[in-house]
Amino acid sequence: MGKKKPGIRDFGRNGKSELVHISQKDLMPLPDIPGEDTESDPIRSLTDRQKATYEHSLDGVSAVAVPCPKDEEEEKRLIKSFLEGLKKLLSREDNWMFLQQLQQTLDCCIKCQVCSDACAIYVASGRQEIYRPMFRSEVVRRIVNKYLKKGGRLFAKLRGNDIELNWTTIARLAELAYRCTMCRRCAAWCPMGSDSGLITHELRKLFSQEMGIAPKELHEAGSMRHLRVGASTGISPKAFGDIIAFMEEEIEEKTGKKIKIPVDKKGAEILLIHNSGEYLSWIENPAAFAVIFEEAGLNWTLSSELYGYEATNYGVWYDDVQFGRVALRQIEVAKKLEAKKIVIGECGHATKGLVILADRMLTGDFNFPRESALPLLENIVCTNRIRLDPRKNDFPVTLHDPCNIVRLMGIIEPQRKILHMICPRFREMEPHGVDNYCCGGGSGFAIMSHMNFSDWKLTIAGRIKVKQILDAFKDVRDPSVKKYVCAPCSNCKAQLRDLLAFYNLQETHGISYGGLAELIANAMVDLKKPFIEW
Amino acid sequence: MGGVVAFLFYGSILFCLIGSSIKITGFIKTPLHLKWEYYKGSSVYESIDWWTRAPTGFREKVVTALVDIIFLREYYRRNPQYWFFLYLFHLGIYLLILWHIWLFAASVLPDPEGTRGYGLAWGHGATILACIGTLGILILRITDRELRLYYAPLHYIKWVLMMITLAGGFYAVHVYFGGSIPAVLKYVRAQVTFSDTAQKFHPPPATAAHVLLGSVWLVYLPFSHILRLFFRYYHGLRFDEVPNVPGGIIEKRVKELLGKPVTWAGPHIRSGKSWRETATGLPDEEGKGKAG
């Protein structure tokens with residue numbers, strides 16, 4: 001308090017200086033973390049060259065790397081392009097996909113600020129005004145009301161539409177669209193059905209689909225690479241074959257079981273698709289699935305076809321066109337294999353994307369059955385289709401609820417039923433279930449680390465999750481007691497990996513992380529040695 | 001003056017009906033959107049082969065919507081202080097709407113004397129509840145920084161206007177009609193049956209003022225968020241798990257929408273083609289690696 005908080009009227013002013021500078025003392029305290037009481041800034045400053053090249057006037061952070069316009073002419077062109085994109089967002093042709101929800105959100109906010117307390121980023125940042133969920137929505141609402149509606153400039157101040165649309169406003173808005181994880185906790189809390197997470201989504205779309213502005217990790221190195229190579233990680237079909245061979249060796253060494261992983265098996269009941277990041281970073285997860293599925297006697301397969309071994313769809317986060325392109329290709333693979341249904345592994349955005357979001361893009365034989373792997377795992381564990389011994393998981397376990405799977409799909413119980421059956425020392429985080437907090441890596445943040453963005457996502461976006469994890473294990477602080485954060489989502493795992501390393505939680509608290517399938521495999525009675533390696 | 005009042009009164013009712021119909025038609029005709037719901041509890045997606053399970057039933061949807069709308073449940077959970085005054089206001093307004101409906105109905109009944117006691121208590125009670133709520137909301141909106149933030153000056157004017165409208169109604173019934181429900185009913189009967197034109201063209205000032213203020217609210221209603229809130233929220237955000245099944249009505253609508261042209265200008269989008277063609281094509285080299 002005491003410091004003047006920037007308001008919406010300041011949003012388009014003083015484009016040369018940062019609207020907000022975040023210091024350590026602003027942040028929500030983390031008393032259990034050594035070094036958190038230092039005076040140093042939590043976010044590294046950009047270099048002079050970066051400052052001269054990229055827009056950073058929101059908070060000194062550059063997530064999107066928006067190039068500074070060269071001259072006034074370019075600024076004018078960009079402003080025009082932005083307004084064109086905004087018109088398209090409100091058009092029945094160009095944005096039929098989200099028009100209804102967008103109009104609802106623009107029309108129905110009554111500024112009750114209920115959403116503010118729901119936002120992990122706003123709270124963790126020490127309630128920085130610019131991170132308030134409705135701040136972003138209100139900027140967009142005012143621009144729409146003032147610049148696109150008839151008579152919008154009439155009594156603009158009286159009607160609450162006082163905002164100036166200039167390049168500074170647009171550049172800050174582009175960055176602000178990447179200070180929200182789209183966890184939509186705010187939307188679930190809103191009594192009016194306004195959805196600030198949707199505003200984030202629509203803004204990102206506007207910048208990508210109209211202006212060609214998107215973070216490199218999501219676009220060039222993400223969805224574009226996915227469509228070009230077959231996976232956003234860059235894994236080619238040939239490399240995938242090598243990975244599977246390596247995985248079979250790993251399984252044999254770890255479990256003593258010689259498994260031939262089914263690949264491109266025609267007519268299988270299940271086509272299992274993982275986030276391809278699992279094969280590179282956490283191969284134990286697809287390996288655990290293979291062990292469990294084989295033990296349960298399922299008729300399943302993986303695919304080595306282009307697009308068939310990659311569940312991710314970064315378009316979910318920023319671009320409807322890219323989303324549609326990827327989804328159609330994933331379905332095409334399942335059709336070719338004549339599988340009965342697609343089951344998506346432990347990846348939140350991929351599951352929500354293909355099961356829910358794609359639902360109203362798919363017609364005819366492209367409308368292919370699709371579901372999350374969690375109900376299937378629940379069925380295998382809870383109906384005793386494989387023999388499990390919970391004593392093998394006799395260590396403290398807590399569960400992180402991926403927003404896409406839990407709040408945004410309503411898959412809440414299967415993972416809990418499994419953990420209650422196989423982990424005798426399971427404890428919930430608070431809050432959990434549909435009230436969970438995002439890990440801070442949602443909406444693509446887990447894979448974004450350009451310039452100083454990783455500082456922001458680890459010190460602010462993931463801050464509440466760190467506190468939740470520490471609280472969940474507060475009865476067993478001893479670092480020699482191994483503890484496990486179960487996160488059934490690849491992106492959440494990537495963020496947890498970075499959080500645990502950044503806050504040194506493995507060494508100081510003995511906290512590790514991993515997926516759900518690994519815990520199931522670890523409890524299997526006939527494995528030679530523990531599946532989980534600490 | 002009297003003619004103007006009559007014209008505005010009947011005109012505002014007509015305007016409200018036509019305006020609301022146009023708005024609602026617009027909502028109905030808004031294209032089908034992608035699924036983007038959120039959940040307060042378990043959903044069908046917890047089941048294997050979820051597409052074979054029935055989505056949330058109509059009864060459950062209606063009960064949830066009614067509980068939320070009548071009791072403002074989410075406000076109670078998130079901000080009890082604000083909820084208290086908001087609830088009093090809404091309760092008062094709901095009761096006043098019902099009271100006005102009752103006035104119209106009772107005015108054509110043969111025995112208005114029998115309604116004297118409860119009719120007055122109902123009207124005054126509802127007005128007092130709405131007044132306390134309005135005043136409380138106005139005070140909180142002025143004094144609480146969080147509630148003051150980004151709240152447009154126009155909204156304060158609206159709450160003041162609401163207070164005046166409520167006070168005007170109270171004055172008209174209690175002072176002009178002397179707190180006599182039969183007198184109020186007699187006046188309403190004249191309005192409903194379009195009789196007593198002399199009174200219409202020379203209305204008493206108290207009722208004229210109240211009718212004028214009421215007309216302002218009727219004209220405002222089609223432009224407010226209220227219609228949209230009731231119309232879309234529960235269907236589109238809370239319970240949208242009805243699957244797109246082959247050959248179904250959703251699929252039919254999706255097919256039409258996929259035929260719409262794409263005009264986005266991003267370099268990776270081939271503008272001018274339909275959504276279907278754009279999605280099946282690749283961003284850089286047309287035709288290569290086409291799906292389907």
Side-chain angles (χ1 to χ4, degrees), chain A residues 8 88 92-94 96-101 104 107-108 111-114 134 138 158-160 184 187-189 191-193 198 208-212 224 227 321 324-325 328-329 332 355-357 359-364 366-367 369 371-372 375-376 379 407-414 434, chain B residues 30-36 38-43 45-51 72 74-75 78-79 82 146-147 149-154 225 228-229 232-233 236-237 243-244 246 250-251 254-255 257-258 260-269 275 278-280 282-284 289 291-292:
Chain A
I8 286 180
K88 287 175 188 174
R92 301 165 79 95
E93 273 72 35
D94 287 298
W96 57 268
M97 285 108 164
F98 288 95
L99 181 63
Q100 226 164 42
Q101 298 100 319
Q104 167 97 18
D107 287 355
C108 289
K111 284 85 179 175
C112 67
Q113 305 301 344
V114 159
M134 64 81 64
E138 188 61 13
L158 181 73
R159 293 157 67 196
R184 296 176 66 217
W189 278 38
M192 304 295 285
L198 176 79
S208 174
Q209 294 180 188
E210 185 68 16
M211 303 174 77
M224 292 294 275
L227 290 166
V321 175
R325 285 170 169 161
L328 285 185
R329 282 161 178 79
E332 178 69 12
V355 175
I356 290 189
L357 217 48
D359 189 62
R360 291 180 185 167
M361 283 185 170
L362 304 172
T363 59
F366 269 83
N367 193 350
E371 67 186 21
S372 158
L376 182 59
N379 178 273
R407 182 163 41 251
L408 307 183
M409 283 190 79
I411 302 178
I412 302 153
E413 292 306 320
V434 293
Chain B
T30 309
L32 181 79
H33 51 81
L34 298 192
K35 291 170 74 172
W36 184 254
Y38 52 75
Y39 291 88
K40 304 273 179 175
S42 293
S43 73
Y45 303 114
E46 285 190 347
S47 311
I48 293 176
D49 298 341
W50 59 267
W51 50 90
L72 308 175
E74 287 300 321
Y75 283 107
R78 311 301 180 193
N79 188 344
Y82 188 58
E146 287 287 295
L147 291 171
L149 268 174
Y150 313 121
Y151 203 57
L154 187 64
H225 62 263
R228 183 179 293 284
L229 183 69
R232 289 307 315 167
Y233 177 37
L237 284 172
N244 168 18
I250 293 178
E251 184 180 75
V254 171
K255 278 182 177 170
L257 291 166
L258 290 172
K260 283 181 180 282
V262 181
T263 66
W264 290 99
H268 59 293
I269 302 170
W275 279 97
T278 306
T280 47
L282 281 169
D284 42 3

Practice task
State, with a plain yes or no, whether a side-chain heavy atom of A/Leu227 is found less than 4.5 Å away from one of B/Pro283.
Solution key: yes
Practice task
Using modelled atom types only, decide if a donor and an acceptor are shared between the side chain of B/Asn244 and the backbone of A/Asp359 within a distance under 3.5 Å.
Solution key: yes
Completion exercise
Cut-off 4.5 Å, heavy atoms of chain A, and the answer for B/Leu32 is both
Handout entry: chain B contact via A/Ser372 - side chain, backbone, both or neither, heavy atoms under 4.5 Å
Key = neither
Practice task
For B/Tyr75, check ring pair (Phe, Tyr, Trp, His ring centres under 6.0 Å) against everything at least two apart and list the hits.
Solution key: none
Practice task
Kindly say whether A/Ala188 contributes a backbone atom to a donor-acceptor pair with the side chain of B/Lys40 at under 3.5 angstrom?
Solution key: yes
Handout entry: Part of A/Met361 within contact of chain B (heavy atom distance under 4.5 Å)
Key = both
Exercise for the section: Check for a donor-acceptor pair, side chain of A/Arg159 on one end and backbone N or O of B/Pro153 on the other, with a separation under 3.5 Å. Expected result: no
Completion exercise
Ranked by heavy-atom pairs below 4.5 Å to chain B, first place among A/Leu357, A/Leu99, A/Val355 goes to A/Leu357
Problem - Heavy-atom pairs under 4.5 Å with chain B, option from A/Ile356, A/Asn379, A/Leu376 with the top count - result: A/Ile356
Handout entry: Residue A/Glu413 versus chain B: region with a heavy atom under 4.5 Å
Key = both
Exercise for the section: Go through the atoms of A/Leu362 and report whether side chain, backbone, both or neither lie under 4.5 Å from a heavy atom of chain B. Expected result: backbone
Problem - Qualifying residues under side chain to side chain donor-acceptor pair (under 3.5 Å), relative to B/Thr30, sequence neighbours excluded - result: none
Practice task
Could you tell me which portion of B/Tyr82 (side chain, backbone, both or neither) has an atom closer than 4.5 angstrom to a non-hydrogen atom of chain A?
Solution key: side chain
Exercise for the section: Please determine, among B/Ala279, B/Ser47, B/Ser42, B/Ala152, the option with the most heavy-atom pairs under 4.5 Å with chain A. Expected result: B/Ala279
Handout entry: B/Tyr38 side-chain N/O to A/Ala187 backbone N/O, donor-acceptor pair under 3.5 Å
Key = yes
